[in-house]
Amino acid sequence: MNGTLPTDTGRAPLGGAGLFSTAEDIAKFYQMVLNNGAANGKPIIKPATLAEMLRKQTGDLRARPGMPWGLGFCLVEDPTQIEANNILAPGSFGHGGAFGTNSWADPMRGVIYVMMLELAGQKNPDNSAMRIEFQKAALATLEK
């Protein structure tokens with residue numbers, strides 16, 4: 001189905017342009033990654049494979065400031081480089097979608113952030129005001 005728009009739900013999913021899922025399933029996937037590849041006590045991904053996914057693959061090429069690419073994730077090396085990452089520890093990982101959906105995991109805190117929305121016309125959805133406020137509110141709730 002080449003030539004269709006990323007918003008066309010009738011087309012096949014494309015990881016870089018509109019992966020279709022639910023917040024619950026994305027959270028389960030991130031929890032499996034934080035559990036060293038296991039879900040419900042069963043191995044799903046080998047720890048060595050996860051280590052490769054979470055290793056910087058792009059040298060000095062950055063997805064965003066302070067964020068190189070692993071395999072399937074942006075990696076947070078320097079959280080001070082963009083405001084939305086200030087709440088995350090180095091070693092956090094995730095992905096921001098073109099229309100504002102964001103999912104991030106912070107292994108130091110054991111926290112997973114999943115925000116599902118669709119906002120067109122953003123300059124940098126990885127550093128959106130919506131993501132910044134969502135993460136602040138989520139962490140404040142968890143720290144109560």
Side-chain angles (χ1 to χ4, degrees), residues 4-9 11-144:
T4 61
L5 296 173
T7 53
D8 179 0
T9 57
R11 67 153 176 82
L14 302 170
L19 183 62
F20 303 118
S21 189
T22 65
E24 181 180 8
D25 283 347
I26 290 172
K28 286 177 183 177
F29 178 77
Y30 276 87
Q31 189 61 62
M32 180 267 308
V33 174
L34 292 179
N35 290 341
N36 207 28
N40 298 318
K42 297 178 184 175
I44 305 296
I45 298 177
K46 292 180 182 178
T49 302
L50 279 179
E52 194 65 20
M53 291 172 69
L54 298 174
R55 185 179 67 78
K56 179 168 54 173
Q57 302 287 332
T58 55
D60 291 334
L61 180 65
R62 302 284 186 250
R64 300 277 187 230
M67 297 168 53
W69 282 104
L71 297 175
F73 297 110
C74 286
L75 310 174
V76 178
E77 274 189 338
D78 183 353
T80 67
Q81 294 296 305
I82 66 171
E83 185 179 355
N85 286 345
N86 287 340
I87 204 165
L88 301 172
S92 296
F93 56 91
H95 182 73
F99 290 96
T101 292
N102 273 269
S103 54
W104 297 89
D106 184 336
M108 295 293 289
R109 286 192 175 104
V111 175
I112 299 164
Y113 302 92
V114 178
M115 180 178 73
M116 307 285 278
L117 64 133
E118 189 168 322
L119 297 172
Q122 296 182 83
K123 290 181 184 175
N124 180 353
D126 287 337
N127 199 38
S128 71
M130 181 80 74
R131 177 182 168 209
I132 292 165
E133 294 306 315
F134 166 73
Q135 288 179 169
K136 284 180 187 176
L139 190 59
T141 299
L142 291 171
E143 291 179 337
K144 285 185 180 181

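Predicted, not measured: the structure shown is a model, and the values here were computed from it.
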J.: Between CG of Leu54 and OG1 of Thr49, what distance do you get to the nearest 0.5 Å?
T.: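 Answer rounded to 0.5 Å: 11.0 Å.
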
J.: Hey, what do you get for CD (Gln81) to CG (Asn86), rounding to the nearest 0.5 Å?
T.: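 With rounding to 0.5 Å, CD (Gln81) is 9.5 Å from CG (Asn86).
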
J.: Applying side chain to side chain contact (heavy atoms under 4.5 Å, CB included) to Met67 and Phe73, what does each step give before you reach the verdict?
T.: CA-CA 10 Å; Met67 297 168 53; Phe73 297 110; over 6 Å; no

J.: Does Tyr30 use its side chain to pair, donor to acceptor, with the backbone of Ser103 at less than 3.5 Å?
T.: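 Yes; judged by distance alone, with no hydrogens or angles, the pair exists.
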
J.: What closest approach, in Å, do Asp106 and Ala89 show between heavy atoms, and which atom pair accounts for it?
T.: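 Heavy atoms only, the tightest pair is OD2-N, 3.2 Å.
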
J.: Looking at every non-hydrogen atom in both residues, tell me the closest pair between Thr58 and Pro68 and how far apart they are.
T.: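 Closest approach of Thr58 to Pro68: OG1-CB, 3.8 Å.
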
J.: Donor-acceptor pair, Ser92 side chain versus Val76 backbone, under 3.5 Å?
T.: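 Not confirmed, Ser92 side chain does not pair with Val76 backbone.
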
J.: Going through the checks in order, is the side chain to side chain contact (heavy atoms under 4.5 Å, CB included) test met by Arg131 and Asn85?
T.: CA-CA 10 Å; Arg131 177 182 168 209; Asn85 286 345; 2.8 Å; yes

J.: For Val33 and Leu50, work out which heavy atoms get closest and say how close.
T.: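 The answer is O-CD1, 3.8 Å.
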
J.: Short question: side chain of Gln57, backbone of Glu52 - any donor-acceptor pair under 3.5 Å?
T.: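 Yes: the side chain of Gln57 pairs with the backbone of Glu52.
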
J.: What's the verdict on side chain to side chain contact (heavy atoms under 4.5 Å, CB included) for Asn102 and Gln135, showing C-alpha distance, side-chain angles and the deciding distance?
T.: CA-CA 10 Å; Asn102 273 269; Gln135 288 179 169; 5.9 Å; no

J.: Determine the minimum heavy-atom distance between Trp104 and Gly96, stating which atoms define it.
T.: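 Shortest heavy-atom contact: CZ2-N, 3.9 Å.
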
J.: Taking atom NZ of Lys56 as the centre, report whether more than 12 heavy atoms of other residues, nucleotides or ligands fall under 6.0 Å from it.
T.: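 Yes, enclosed.
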
J.: Please check: side-chain N/O of Asn127 versus main-chain N/O of Glu83, any donor-acceptor pairing under 3.5 Å?
T.: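 Yes, the answer is positive, given that a donor and an acceptor are paired below the 3.5 Å cut-off.
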
J.: CZ of Arg64 to CG of Asp78: how many Å apart, nearest 0.5 Å?
T.: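 Between Arg64 CZ and Asp78 CG, I get 16.0 Å after rounding to 0.5 Å.
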
J.: Do the side chains of Ile26 and Met116 get nearer than 4.5 Å, heavy atoms only?
T.: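 When only atoms from C-beta onward are counted, Ile26 and Met116 do touch, with a gap below 4.5 Å.
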
J.: Stepwise, does the side chain to side chain contact (heavy atoms under 4.5 Å, CB included) test hold for Phe93 with Leu34?
T.: CA-CA 10 Å; Phe93 56 91; Leu34 292 179; 4.1 Å; yes

J.: Are there over 12 heavy-atom neighbours, none belonging to Asn40, within less than 6.0 Å of that residue's CG?
T.: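 Not buried by this count: 12 neighbours or fewer within 6.0 Å.
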
J.: According to side chain to side chain contact (heavy atoms under 4.5 Å, CB included), who are the partners of Asp60, at least two apart in sequence or on a separate chain?
T.: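 Checked Asp60 against side chain to side chain contact (heavy atoms under 4.5 Å, CB included); zero matches.
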
J.: Could you check if a side-chain atom of Asp25 sits within less than 4.5 angstrom of a side-chain atom of Lys28, using non-hydrogen atoms only?
T.: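 Side-chain contact under 4.5 Å: yes.
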
J.: Within this structure, what is the CD1-CZ distance for the pair Ile45 and Phe29, rounded to the nearest 0.5 Å?
T.: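 That separation rounds to 5.0 Å.
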
